[in-house]
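First up is the structure itself, then whatever we jot down about it.
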Number of protein chains: 2
Amino acid sequence: MFPSFGAVLKKKSDRLPPNERRSQLIEATLICLMREGASGLSSRKICAQAQVSVGLLNHHFSSQEELVAAAYEEISRRYHEALKAHIDADTKNQNVPIKTLVSCAFEADIMSPDQLRAWVVFWSKTIDSKLMRATHDRINQRLQTYLIQVLAKSLPNSNVDLQVLAIEYSALTDGLWLDWSLNGQHQSSQLWQTILNQWLHRTLMLA
Amino acid sequence: MFPSFGAVLKKKSDRLPPNERRSQLIEATLICLMREGASGLSSRKICAQAQVSVGLLNHHFSSQEELVAAAYEEISRRYHEALKAHIDADTKNQNVPIKTLVSCAFEADIMSPDQLRAWVVFWSKTIDSKLMRATHDRINQRLQTYLIQVLAKSLPNSNVDLQVLAIEYSALTDGLWLDWSLNGQHQSSQLWQTILNQWLHRTLMLA
DNA sequence: AGCGTTATTGAACGATCGTACAATACTATT
DNA sequence: AATAGTATTGTACGATCGTTCAATAACGCT
């Protein structure tokens with residue numbers, strides 16, 4: 001009847017270049033994991049979130065496991081980028097970037113209860129999947145290297161083992177985020193932020 | 001034919017008092033979760049581990065969720081008991097029990113990659129279950145109270161906020177255990193033990 | 001315009017999930 | 001010895017899981 005109208009009202013081309021579709025599925029995976037945690041990890045839920053048919057997942061990814069690994073890479077990449085952005089923007093602490101990291105550790109773009117839900121799922125999958133384990137190792141290595149750079153800039157005249165300090169900082173933030181997010185009464189982050197601030201204060205004094 | 005033989009060879013009474021059967025199912029749950037992680041959380045696998053029929057789970061527990069919550073309570077209880085046992089046994093540090101906690105943090109009865117697999121599953125379930133969330137809060141509260149007592153004894157003349165310190169210690173150990181256990185090359189715990197030792201050293205100096 | 005390529009769909013498959021339930025076996029009480 | 005109570009079994013059900021695949025639709029190229 002009104003083919004032009006039909007063409008206009010009909011959703012625009014539903015065909016995407018593979019890379020875009022892959023990104024869209026990765027994004028949908030992160031949304032599902034952040035919203036529901038482990039129970040959000042379902043091929044059907046992910047494809048529904050991406051408004052795409054079930055079969056498409058296995059067309060762009062050889063398995064769900066591979067999609068999850070890609071999503072793990074992506075959330076890690078965003079975390080890394082967010083850290084760099086905060087450090088670049090904090091003109092006051094250019095010489096002590098670790099101060100910037102600590103002060104933004106509970107900002108929404110760095111970590112949130114939502115995001116931690118996804119991280120916990122990734123950790124859980126790291127336990128029983130070789131591919132996830134390899135991905136986890138790669139991510140950890142990358143973040144640790146970056147953290148060491150940040151610490152080296154922050155403590156130019158210190159002789160402490162920066163790798164040890166980087167692992168400690170990473171472990172402490174992971175634990176604080178866990179405690180903050182899994183807590184029943186999801187309070188403000190003030191308490192946990194204070195703890196991290198005091199840790200940094202002590203660490204800088206003795207380094 | 002040989003009824004007496006049959007009676008002897010036949011498994012002995014397969015009927016147990018409810019409390020014992022419940023404990024057995026809880027134990028089987030922990031074994032499954034420590035062995036396989038999240039994929040070990042299956043009513044059928046748990047009952048197979050307990051050498052019991054599938055239907056028995058819902059006779060002694062109203063749901064799988066309730067069994068998992070009971071298992072979470074149990075692993076936490078064992079952890080708590082193991083901590084107390086180490087402190088009692090360490091006669092050298094009776095006045096500084098936090099030193100004992102730190103030095104045994106990577107002992108097999110306190111934490112191991114196996115046990116952490118189970119903890120990660122419990123954390124994961126805490127995200128999307130009200131019952132697990134309540135259990136998690138109760139466990140956290142109990143352990144934090146105990147940690148504060150340990151710290152109070154270790155730092156009698158300090159004016160630092162012991163609750164803050166307890167949360168920091170708990171978060172740090174959680175993060176170190178995670179990093180240690182999820183690491184691809186499951187090395188010895190030496191590196192992570194050193195990190196914890198240095199943390200304590202700095203903390204005691206400034207407290 | 002026609003053709004080959006491939007992104008996309010949705011149904012179908014087999015596996016596994018948690019739970020319900022009737023049947024059975026054991027124990028304790030009388 | 002008979003009976004009541006219940007622990008235990010194993011099947012069955014409906015739901016959901018990840019993946020496969022033939023059919024279809026959209027695109028680029030000549």
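Here is the naming used below: chain letters follow the sequence lines, and residue numbers restart at 1 for every chain.
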Q: Applying ring-ring contact (aromatic ring centres under 6.0 Å, His included), name anything that partners A/Phe61, two or more places apart in sequence or on another chain.
A: none
Q) Taking all non-hydrogen atoms of both residues, which atom of A/Gly40 and which atom of A/Leu33 are closest, and how far apart? A) C-CD2, 4.1 Å
(Q) Applying salt bridge (charged side-chain N to carboxylate O under 4.0 Å, His left out) as the test, list every pair that has at least one member in residues 31-42 of chain A; sequence neighbours left out. (A) A/Glu36-A/Lys45
**Q.** Electrostatic pair B/Glu81:B/Arg78 at N-O distance under 4.0 angstrom
**A.** no
Show me the donor-acceptor pairs, under 3.5 Å and distance only, between side chains in residues 191-198 of chain B and residues at least two apart or in other chains.
from     : atom 1 : to       : atom 2 : distance (Å)
B/Trp192 : NE1    : B/Asp179 : OD2    : 2.8
B/Gln193 : NE2    : B/Val102 : O      : 2.9
B/Gln193 : NE2    : B/Asn197 : OD1    : 3.0
B/Thr194 : OG1    : B/Gln190 : O      : 2.9
B/Asn197 : ND2    : B/Gln193 : O      : 3.3

Q. Looking only at heavy atoms, what is the nearest atom pair of A/Ser43 and A/Gln64, with distance?
A. OG-NE2, 3.0 Å
Q) Which residues pass the ring-ring contact (aromatic ring centres under 6.0 Å, His included) test with B/His59, sequence neighbours left out? A) none
Q | Closest contact, heavy atoms only, A/Gly37 versus B/Ile127 | A | CA-CG2, 4.3 Å
Q. For residues 26-41 of chain B, which residues have at least one heavy atom under 4.0 Å from DNA chain D?
A. none
Report, one pair per line, the protein and nucleotides 19-21 of chain D atoms (nitrogen or oxygen only) whose separation is under 3.5 Å.
from   : atom 1 : to      : atom 2 : distance (Å)
D/dT19 : OP2    : A/Gln64 : N      : 2.9

Q: Taking only heavy atoms on the protein side, list every residue of residues 125-136 of chain B lying under 4.0 Å from any atom of DNA chain C, sorted numerically.
A: none
Atom pairs, N/O to N/O, protein against nucleotides 2-6 of chain D, distance under 3.5 Å?
from  : atom 1 : to      : atom 2 : distance (Å)
D/dT6 : O2     : B/Arg15 : NH2    : 2.6

Q.
Can you tell me how far apart CE (B/Met111) and OG (B/Ser181) are? Round to the nearest 0.5 Å.
A. 7.5 Å
Q. Any salt bridge (charged side-chain N to carboxylate O under 4.0 Å, His left out) pairs touching residues 142-154 of chain A, not counting sequence neighbours?
A. A/Glu73-A/Arg142
Q.
What is the separation between atom CD on A/Glu20 and atom P on C/dT6, rounded to the nearest whole Å?
A. 18 Å
Q) Has B/Ser53 got a side-chain N or O lying under 4.0 Å from the OP1 or OP2 atom of D/dT8? A) no
Q: First locate atom CG of B/Leu155, then atom CG of B/Leu204, and finally report the distance between them rounded to the nearest 0.5 Å.
A: 6.0 Å
Q.
Between P on D/dA7 and CG on B/Leu25, what's the gap in Å once rounded to a whole number?
A. 13 Å
Q: Name the closest nucleotide to the A/Ser42 side chain, picking from D/dG18, C/dC17, C/dT8.
A: D/dG18
Q.
In dot-bracket form, 5' to 3', how is DNA chain C paired? Count Watson-Crick and G-U wobble pairs only if both distances fall under 3.5 Å, and write | where the partner sits on another strand.
A. ||||||||||||||||||||||||||||||
Q. How long is the line joining NZ of B/Lys45 and P of C/dA15, in whole Å?
A. 15 Å
**Q.** Residue pair A/Leu57 / A/Leu25: nearest heavy atoms and the distance that separates them
**A.** CA-CD1, 4.4 Å
Q. Should A/Trp199 and A/Thr203 count as side-chain neighbours, where that means a heavy-atom distance under 4.5 Å?
A. yes
Q. B/Arg21 has an atom CZ; how far is it from atom C1' of C/dT27, in whole Å?
A. 14 Å
Q.
Rounding to an integer number of Å, can you tell me how far B/Leu16 CG sits from C/dA25 P?
A. 18 Å
Contacts table for residues 114-122 of chain B: side-chain donor-acceptor under 3.5 angstrom, sequence neighbours left out:
from     : atom 1 : to       : atom 2 : distance (Å)
B/Asp114 : OD1    : B/Arg117 : NH1    : 2.7
B/Gln115 : NE2    : B/Ala108 : O      : 2.8
B/Arg117 : NH1    : B/Met34  : O      : 2.6

Q | Contacts of A/His80 that satisfy ring-ring contact (aromatic ring centres under 6.0 Å, His included) - sequence neighbours left out | A | A/Tyr146
Q. Once you round to the nearest 0.5 Å, how far does OG of A/Ser154 lie from CG of A/Asn93?
A. 8.5 Å
